[in-house]
Amino acid sequence: KLNLLVNKEIQNQIKDYIKSSSLYKSFKNNQGDSYHIKGLDGYALSRLIELVQRSQSNRIIALVPTEEIAKELYTDLSDIEDIPVVYFPSNGKKLYSTPSATMGEYAQAKALSQITQLKQGIIVTSLRAFSSPVISKESLSDLSLTIKVHDNFDPMALAQKLSMAGYYRQ
């Protein structure tokens, strides 16, 4: 119980520090701009991004230098229950290499699908992932299929769509 109180006190001190910072004051005066943040990382950065998101009615993109930092920031932001957070990973391929259906490309496609449905929330990504070519929104929409529990669907149409995508029955 003491540990929980100490953690809550630390969180409150971080939030108080962020709210008193010149960056936060600048943000409050110039909402909608891009911000370049230096010297703030880890948990403190995640709390600043949370505060910025709470004052916005759209999506926030947290663009960080490396994939490792992006993963850590995503982990720090994932404890926020009422704000959706999407991690957009790098596909791990060299720039301009040919598509080859790697696990990285599937992870990107899944994240892009989540992002297209995201009206408000936080998108965390690295420079490498942000600068790599991705599938077009139209192609992603054409290739996406959502089936929910208790929904009616045509199994033959599903089989045909899977067949056209290159899947086959063994």
Side-chain angles (χ1 to χ4, degrees), residues 3-4 6-141 143-144:
N3 190 22
L4 183 63
V6 170
N7 284 339
K8 190 67 171 169
E9 181 62 29
I10 290 171
Q11 287 179 2
N12 288 337
Q13 286 180 2
I14 289 172
K15 285 181 180 179
D16 289 343
Y17 168 76
I18 289 170
K19 286 182 179 178
S20 67
S21 72
S22 59
L23 175 68
Y24 186 73
K25 289 175 186 171
S26 169
F27 165 75
K28 291 305 276 183
N29 294 331
N30 302 311
Q31 290 187 7
D33 291 342
S34 296
Y35 296 94
H36 181 78
I37 302 169
K38 282 186 175 182
L40 190 63
D41 57 11
Y43 186 76
L45 177 61
S46 71
R47 295 311 94 169
L48 175 63
I49 292 171
E50 175 190 0
L51 289 172
V52 170
Q53 175 57 56
R54 290 193 185 284
S55 67
Q56 297 285 314
S57 60
N58 54 7
R59 299 180 291 194
I60 300 271
I61 299 175
L63 180 60
V64 297
T66 67
E67 196 76 18
E68 184 177 316
I69 295 170
K71 288 176 184 176
E72 289 173 7
L73 182 58
Y74 174 74
T75 300
D76 289 339
L77 289 165
S78 293
D79 68 348
I80 305 170
E81 294 179 8
D82 60 332
I83 298 176
V85 181
V86 176
Y87 170 63
F88 182 72
S90 167
N91 58 21
K93 296 173 61 176
K94 291 181 181 177
L95 197 56
Y96 303 117
S97 60
T98 57
S100 60
T102 64
M103 292 306 291
E105 288 172 314
Y106 284 125
Q108 275 191 339
K110 182 179 178 184
L112 284 171
S113 180
Q114 293 172 331
I115 290 168
T116 58
Q117 298 171 9
L118 190 67
K119 302 297 181 215
Q120 182 176 11
I122 302 167
I123 302 164
V124 179
T125 190
S126 67
L127 280 171
R128 181 176 180 169
F130 190 75
S131 63
S132 63
V134 295
I135 189 171
S136 73
K137 187 175 182 178
E138 294 78 22
S139 296
L140 182 64
S141 177
L143 296 172
S144 296

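Heavy atoms only: backbone and side chains are in, while hydrogens, waters and symmetry mates are out. Keep in mind that this is a model prediction, so the values were computed, not measured. In this chain, numbering begins with 1 at the start of the sequence shown.
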*Which atom pair, heavy atoms only, marks the closest approach of Asp76 to Tyr43?*
OD2-N, 3.5 Å
_Could you walk me through whether Thr116 and Leu118 satisfy the side-chain contact (heavy atoms from CB on, under 4.5 Å) test, starting with their C-alpha distance in whole Å, then the side-chain angles of each, then the deciding distance to 0.1 Å, before giving a yes or no?_
CA-CA 6 Å; Thr116 58; Leu118 190 67; over 6 Å; no
*Nearest heavy-atom neighbours spanning Pro84 and Asp82*: CD-O, 4.0 Å
*Distance from Thr66 atom OG1 to Glu72 atom CD, nearest 0.5 Å?*
7.5 Å
_Minimum heavy-atom distance Val86-Ala111, with the two atoms named_ = CG1-O, 4.0 Å
*Non-hydrogen atoms of Ser126 and Ala70 that approach each other most closely*: N-CB, 4.1 Å
*asked:* The criterion is salt bridge (charged side-chain N to carboxylate O under 4.0 Å, His left out); which residues satisfy it with Glu50, sequence neighbours excluded?
replied: Arg47, Arg54
*Closest approach of Gln53 to Arg59 (non-hydrogen atoms, all atoms of both residues)*: OE1-C, 4.2 Å
*Approximate separation, where rounding is to 0.5 Å, of Lys119 NZ and Asn58 CG*: 12.0 Å
*Mind checking what makes side-chain contact (heavy atoms from CB on, under 4.5 Å) contact with Thr75, not counting sequence neighbours?*
none
*Where do Ile83 and Ile122 land on the side-chain contact (heavy atoms from CB on, under 4.5 Å) test, with the steps shown first?*
CA-CA 7 Å; Ile83 298 176; Ile122 302 167; 4.0 Å; yes
*Per the side chain to side chain contact (heavy atoms under 4.5 Å, CB included) rule, which among Thr125, Leu73, Leu127 passes with Val64?*
Leu73
*Minimum side-chain heavy-atom gap Ile69-Asp41 below 4.5 Å*: no
*Could I get the full list of side chain to side chain donor-acceptor pair (under 3.5 Å) partners for Tyr87, not counting sequence neighbours?*
Glu67
